[in-house]
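Since the structure comes first, as structure tokens, the remarks are kept for the end.
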Amino acid sequence: MALARTTLDRDVFLEVRPGRGCRAALERALRQAIRSGRLRAGTPLPSTRVLADDIGVARSTVSEAYAQLTAAGYLITRQGADTRVASGLQGADRDHVDCAPAPAPHFDLRPGVPDLSSFPKTLWQRAFRQALARASLEAFGPGDPQGRPELRTALVEYLGRTRGVTTKTGRVLVCNGFTQGLRLVADALRARGASRIGVEDPSLPRFSAIAQAAGLQPVPIAVDEEGLTTNRLDEIDLDAILVTPAHQFPLGSTMGSQRRTELLSWANRHGAFVIEDDCDGEFRYGQPPIGALQGLDPDHVVYGGTAGKTLAPGVRLGWLALPPSLLASALESRSVADRYSGVLDQLALAELIESGDFDRHVRAMRREYRGRRDLIVAAVARSAPELSVRGTEAGLHAVLELPTGLTERELLSAAERRSIGLHGLGWYRRGVYSGPQALVVGFGSPAPYEFEACVQALAAMLHQTRHKSSTYPARG
Ligand SMILES: Cc1ncc(COP(=O)(O)O)c(C=O)c1O
């Protein structure tokens, strides 16, 4: 067995033992590595001298094996150049699975994704460089499951200033996006003996699945135009409720002050927790800005935020501001899950926030998204005025409620035929919401130069489908 270096100093793993029959074994090992695709077409192999040295055989043994495999078409040998793997032999193993993702729709109006073309590469590069330059050696050692203190300090200031979150550096936990944060909170609740968690209906199916995976039963609670309904909470036995008060996902309603008070007084009466998913908190277009629920009751509300919409989902950074009673348990869960988030990313985000660049980026994106929101609203009003546009005071998507006779199914099929990506509200229903059928249309994802074409495609699809629909009553 040997790890051989190629002439380019790359390692090649080959299972060969020195001794009798080692030439045949080397040939076999190389053939198998090539056929399985482990050694790809064009890969340079170690020189005969290096490989012979690494596996402890005579150089002539390697030369003969290479010559055999060259004759059989597995390798290409040219005078004075590396011996390389030939093409056309890979993937012969039937186990090979092609994991290429499904192609994105041509007009991508799927909700939940920001404009990736506006990711602030230059600012991130600057922040990363600063972070690297300033990082102490200790930062590269085993890290703190709670996250780097530099980032937690920056977040306390940022969240207090922009979202009205009341917390301390010692109560913030940096995680890999809100998705992981929710799992950590669900684990902490389960460890306290919790068994049932309220989820909004409609809401993201993934979050119910996460609660379930942690051993909590998700219980759907209907949402209306003021957010989560609170009138029946005392009748349902719940240990916690997951809400999106700033911009209900996906309906887009904002939780009013009366509902907020009712929800918090329920939590106090029952010793329960509210988990606040503030994923759209930064993108509010009307006045006045709505602060985080957590600021009203930091001992009963877990605040959850993410860089997934302000920067990009791929950054995989999120944060929790936890009540003291859940902190230790959430940290324990983090320590056994994956220990902590990448330290350089954390330090770069701290730099971005501290320098003011994060605020500037968010403000610029808010202007951009507000303009897009206006274009979508105007286009629907022109092309399909019977559809009611909802939930556009914040966030990166609009809900288009359908009139009787026009169905999600026919609009989704029409959209698919035209390669327009969007969602039907049906995908988010959890069983108790009884509102009308609707489309959930994201306006974050396309690049600025693509956006107008996306809106035109959507408008044309809506206009034509509503006219084609046999049951839909014509406008008077
Ligand atoms: C409702 C909601 N909350 C939170 C998130 C953010 O998740 P994450 O931070 O794990 O990317 C998303 C992203 O799609 C979302 O739709």
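Just follow the structure's listing: the first ligand is 1, and inside any ligand the first atom is 1.
Side-chain contact check for Arg183 versus Thr179: every heavy-atom pair is 4.5 Å or farther apart. Taking 4.5 Å as the limit, every side-chain heavy atom of Leu387 sits out of range of all side-chain heavy atoms of Glu401. Using a 4.5 Å heavy-atom threshold, the side chains of Val315 and Asp345 count as separate.
Within ligand 1, the atoms closer than 4.0 Å to a non-hydrogen atom of Arg316 are 8 (P), 10 (O), 11 (O), numbered from 1 in the order shown. If you number the atoms of ligand 1 from 1 as listed, the ones under 4.0 Å from a heavy atom of Leu204 come out as 15 (C), 16 (O). Heavy-atom proximity to Phe249, at under 4.0 Å, picks out these atoms of ligand 1: 1 (C), 16 (O). Remark: ligand 1 atoms within the under-4.0 Å shell around heavy atoms of Asp277 are 1 (C), 2 (C), 3 (N), 4 (C). Listed by atom number, the atoms of ligand 1 under 4.0 Å from Thr306 heavy atoms are 6 (C), 8 (P), 9 (O).
Here the heavy atom of the protein found nearest to atom 14 (O) of ligand 1 is Gly112 O, 3.8 Å. Remark: minimum distance from atom 8 (P) of ligand 1 to any protein heavy atom is reached at Phe178 N, 3.5 Å.
Ligand 1 lies out of reach of Gln180, whose nearest heavy atom is not under 4.0 Å from it. Using 4.0 Å as the threshold, Gly177 has a heavy atom nearer than that to some atom of ligand 1.
The shortest N/O to N/O separation between Thr179 and ligand 1 falls below 3.5 Å.
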Trace of the salt bridge (charged side-chain N to carboxylate O under 4.0 Å, His left out) decision for Asp280 with Lys309: CA-CA 7 Å; Asp280 280 345; Lys309 294 205 179 162; 3.2 Å; yes
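Not less than 6.0 angstrom separates the ring centroid of Phe283 from the ring centroid of His247.
By the 6.0 Å and 45° rule, Arg370 does not stack over the aromatic ring of Tyr285.
Salt bridge status for Arg334 with Asp338: present, with a side-chain N to carboxylate O gap under 4.0 Å. For Arg192 and Asp239, the salt-bridge test fails: no basic side-chain N is under 4.0 Å from an acidic carboxylate O.
By the criterion of a heavy-atom distance under 4.0 Å, the side chain of Cys279, and not its backbone, is placed next to ligand 1.
For atom 13 (C) of ligand 1, the nearest non-hydrogen atom from the set Arg206, His247, His397 belongs to Arg206.
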